[in-house]
Peer 1: 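Dropping a structure here in structure tokens format, bear with me for questions.
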Amino acid sequence: MIDLTTRLSSLKLNNPTILASGIMGEDHGSIERMMEAGAGAIVTKSIGAQPREGYPNPTIVEVEHGLINAMGLPNPGIDEFVEEIKSVKRRDTPIIGSVYGSKTEEFVKVAERMNEAGLDAVELNLSCPHAKGLGLEVGSDPENVYQIVKNTKKNIDIPVFVKLSPNVTSIVELAEAAERAEADGVVAINTVKAMKIDIELKIPVLANKIGGYSGKAIKPIGVRCVYEISERINIPVIGVGGVTNGYDVVEYLMAGASAVQIGTGVYYEGAEVFSKIRNELKQWMKDHDYNKITDIIGAAHI
Ligand code: DHB
């Protein structure tokens with residue numbers, strides 16, 4: 001018997017694949033579809049205190065080995081989000097609410113509302129690569145990360161995960177700050193700052209000019225960050241970036257991740273990517289005499 005279960009603090013996942021924030025985690029219908037497809041947990045789209053329109057089009061461009069996007073954190077705001085979440089009928093798969101904000105009080109307020117609404121955990125998005133005054137701009141200073149996490153932890157009783165950016169001098173220092181503030185886990189990595197230029201029009205393709213690069217190309221960056229972080233902290237690390245198959249999951253687990261998130265893989269292959277990845281992971285474990293996920297976690301630390 002192959003046991004795919006894994007733990008993230010008090011959350012128990014029946015398999016280590018998680019839907020990443022920003023894709024198909026917007027309404028109750030898409031959330032339920034991802035649960036049916038077998039995701040071990042779901043991260044919602046990032047939600048703020050107020051509704052937000054996001055940037056004008058184009059907001060997404062396909063490039064070699066992935067996507068660059070700059071959506072601008074469009075979302076209905078926490079009031080409408082809470083109503084939407086009430087409509088999710090299936091509750092056998094943990095739902096992790098992604099939170100963005102410009103200051104500590106905003107993170108706390110949105111996280112509290114998510115806690116009250118019955119979500120299973122929150123993921124603080126301290127790493128959106130381009131929104132002015134949000135994301136990376138609040139999440140690149142360890143002291144800021146500490147304050148936001150500490151205050152959020154004080155006010156809610158569900159686990160707090162912290163999603164970090166690779167677009168910084170030291171992602172490890174940020175992870176250490178999150179651990180000091182008693183975060184329940186860190187998520188690495190958010191997208192990598194990038195740009196695509198249309199050489200005929202001589203202009204950047206995205207309306208926001210700069211966006212975040214995701215997909216296959218960023219997997220080695222994600223694996224490196226997870227490896228470095230897990231050498232230095234003792235709370236769970238969740239890997240994300242470029243996962244499209246079961247072998248990518250094994251690689252992140254060996255780097256030290258306790259679970260992995262999938263975003264671009266869902267964009268390209270749809271919800272079926274979850275069962276494909278699970279089957280490949282199971283087969284690989286069988287072939288290599290592993291019967292528990294926990295035996296693979298951190299195996300590459302030598
Ligand atoms: C957006 C937010 C992110 O955190 C990210 O990595 C990429 C894009 C956005 O909404 O624009």
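Just follow the structure's listing: the first ligand is 1, and inside any ligand the first atom is 1. The residues of the chain are indexed from 1 along the displayed sequence.
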Peer 1: Hydrogens and angles aside, do Asp287 and Gln283 bring a side-chain donor and acceptor to less than 3.5 Å of each other?
Peer 2: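 Result is yes, a qualifying pair exists.
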
Peer 1: Roughly how far, to the nearest 0.5 Å, is CG of Leu164 from OG of Ser140?
Peer 2: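 Going from the OG atom of Ser140 to the CG atom of Leu164 covers 11.0 Å.
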
Peer 1: Is the contact between Asn190 and ligand 1 made by the side chain, the backbone, both, or neither, using heavy atoms and a 4.0 Å cut-off?
Peer 2: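 Asn190 to ligand 1: side-chain contact only, backbone stays beyond 4.0 Å.
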
Peer 1: Which class fits the ring pair Tyr290 and Trp284: parallel under 30°, tilted 30 to 60°, perpendicular over 60°?
Peer 2: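 Ring orientation, 0 to 90° scale: parallel.
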
Peer 1: Verify the distance criterion only: is there a donor paired with an acceptor across the side chains of Ser46 and Asn125 at less than 3.5 Å?
Peer 2: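 Result is yes, a qualifying pair exists.
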
Peer 1: Any idea which protein heavy atom is nearest atom 7 (C) of ligand 1, and the distance to it?
Peer 2: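 For atom 7 (C) of ligand 1, the nearest protein heavy atom comes out as Asn69 OD1, 3.5 Å.
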
Peer 1: If every non-hydrogen atom of Asn167 is compared with every non-hydrogen atom of Pro129, which pair is closest and at what distance?
Peer 2: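 For Asn167 and Pro129, the tightest heavy-atom pair comes out as ND2-CB, 4.0 Å.
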
Peer 1: Check contact between Pro129 and ligand 1, using heavy atoms of the residue and a distance below 4.0 angstrom.
Peer 2: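 For ligand 1, residue contact (heavy atoms, under 4.0 Å) with Pro129 is present.
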
Peer 1: Got an N/O contact under 3.5 Å between Pro74 and ligand 1?
Peer 2: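 No, since none of the N or O atoms of Pro74 sits under 3.5 Å from an N or O of ligand 1.
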
Peer 1: Check whether any N or O atom of Gly72, backbone or side chain, sits under 3.5 Å from an N or O atom of ligand 1, and answer yes or no.
Peer 2: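 Yes; at least one N/O pair falls below 3.5 Å.
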
Peer 1: Taking distance alone, with no angle check, do Lys45 and ligand 1 share an N/O pair under 3.5 Å?
Peer 2: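 Lys45 vs ligand 1: no N/O contact under 3.5 Å.
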
Peer 1: Does ligand 1 have a heavy atom under 4.0 Å from the side chain of Ala131, from its backbone, from both, or from neither?
Peer 2: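 The answer is neither; Ala131 stays 4.0 Å or more away.
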
Peer 1: Counting non-hydrogen protein atoms only, what is the nearest one to atom 2 (C) of ligand 1? Give residue, atom name and distance.
Peer 2: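 Atom 2 (C) of ligand 1 sits closest to the protein heavy atom Cys128 SG, 3.2 Å.
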
Peer 1: Could you say whether the N/O atoms of Asn125 and ligand 1 ever approach to under 3.5 Å?
Peer 2: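 Indeed, backbone or side chain, Asn125 has an N or O that close.
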
Peer 1: Compute whether any side-chain donor of one residue and acceptor of the other, for Ser102 and Glu106, lie under 3.5 angstrom apart.
Peer 2: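 Their side chains do contain a donor-acceptor pair, which is all the 3.5 Å distance test asks for.
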
Peer 1: Using a heavy-atom cut-off of under 4.0 Å, does the side chain or the backbone of Thr59 touch ligand 1, or both, or neither?
Peer 2: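 For Thr59, no heavy atom sits under 4.0 Å from ligand 1.
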
Peer 1: His130: heavy atom below 4.0 Å from ligand 1, yes or no?
Peer 2: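 Yes.
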
Peer 1: Pairs of donor and acceptor atoms involving the side chains of residues 6-14, under 3.5 Å and at least two apart or interchain, shall be tabulated with distances.
Peer 2:
from, atom 1, to, atom 2, distance (Å)
Thr6, OG1, Ser258, O, 2.7
Ser9, OG, Asp184, OD1, 3.3

Peer 1: With the threshold set at 4.0 Å, does a side-chain nitrogen-carboxylate oxygen contact exist between Arg33 and Glu36?
Peer 2: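 No, no charged N to carboxylate O under 4.0 Å.
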
Peer 1: Give every donor-acceptor pair under 3.5 Å between a side-chain atom in residues 220-232 and any protein atom, sequence neighbours left out.
Peer 2:
from, atom 1, to, atom 2, distance (Å)
Arg224, NH1, Glu228, OE1, 3.1
Tyr227, OH, Ala300, O, 3.0
Ser230, OG, Val226, O, 2.7
Ser230, OG, Tyr227, O, 3.4
Ser230, OG, Ala255, O, 3.0
Ser230, OG, His301, NE2, 3.4
Glu231, OE2, His301, ND1, 2.7
Arg232, NE, Glu176, OE2, 3.0
Arg232, NH2, Glu176, OE2, 3.0

Peer 1: So which heavy atom in the protein is nearest atom 10 (O) of ligand 1, and how far is it from that ligand atom?
Peer 2: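 Among all protein heavy atoms, the one nearest atom 10 (O) of ligand 1 is Leu73 N, 2.7 Å.
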
Peer 1: For ligand 1, which atoms, with element, lie under 4.0 Å from some heavy atom of Ala70?
Peer 2: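 Counting atoms of ligand 1 from 1, those under 4.0 Å from Ala70 are 11 (O).
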
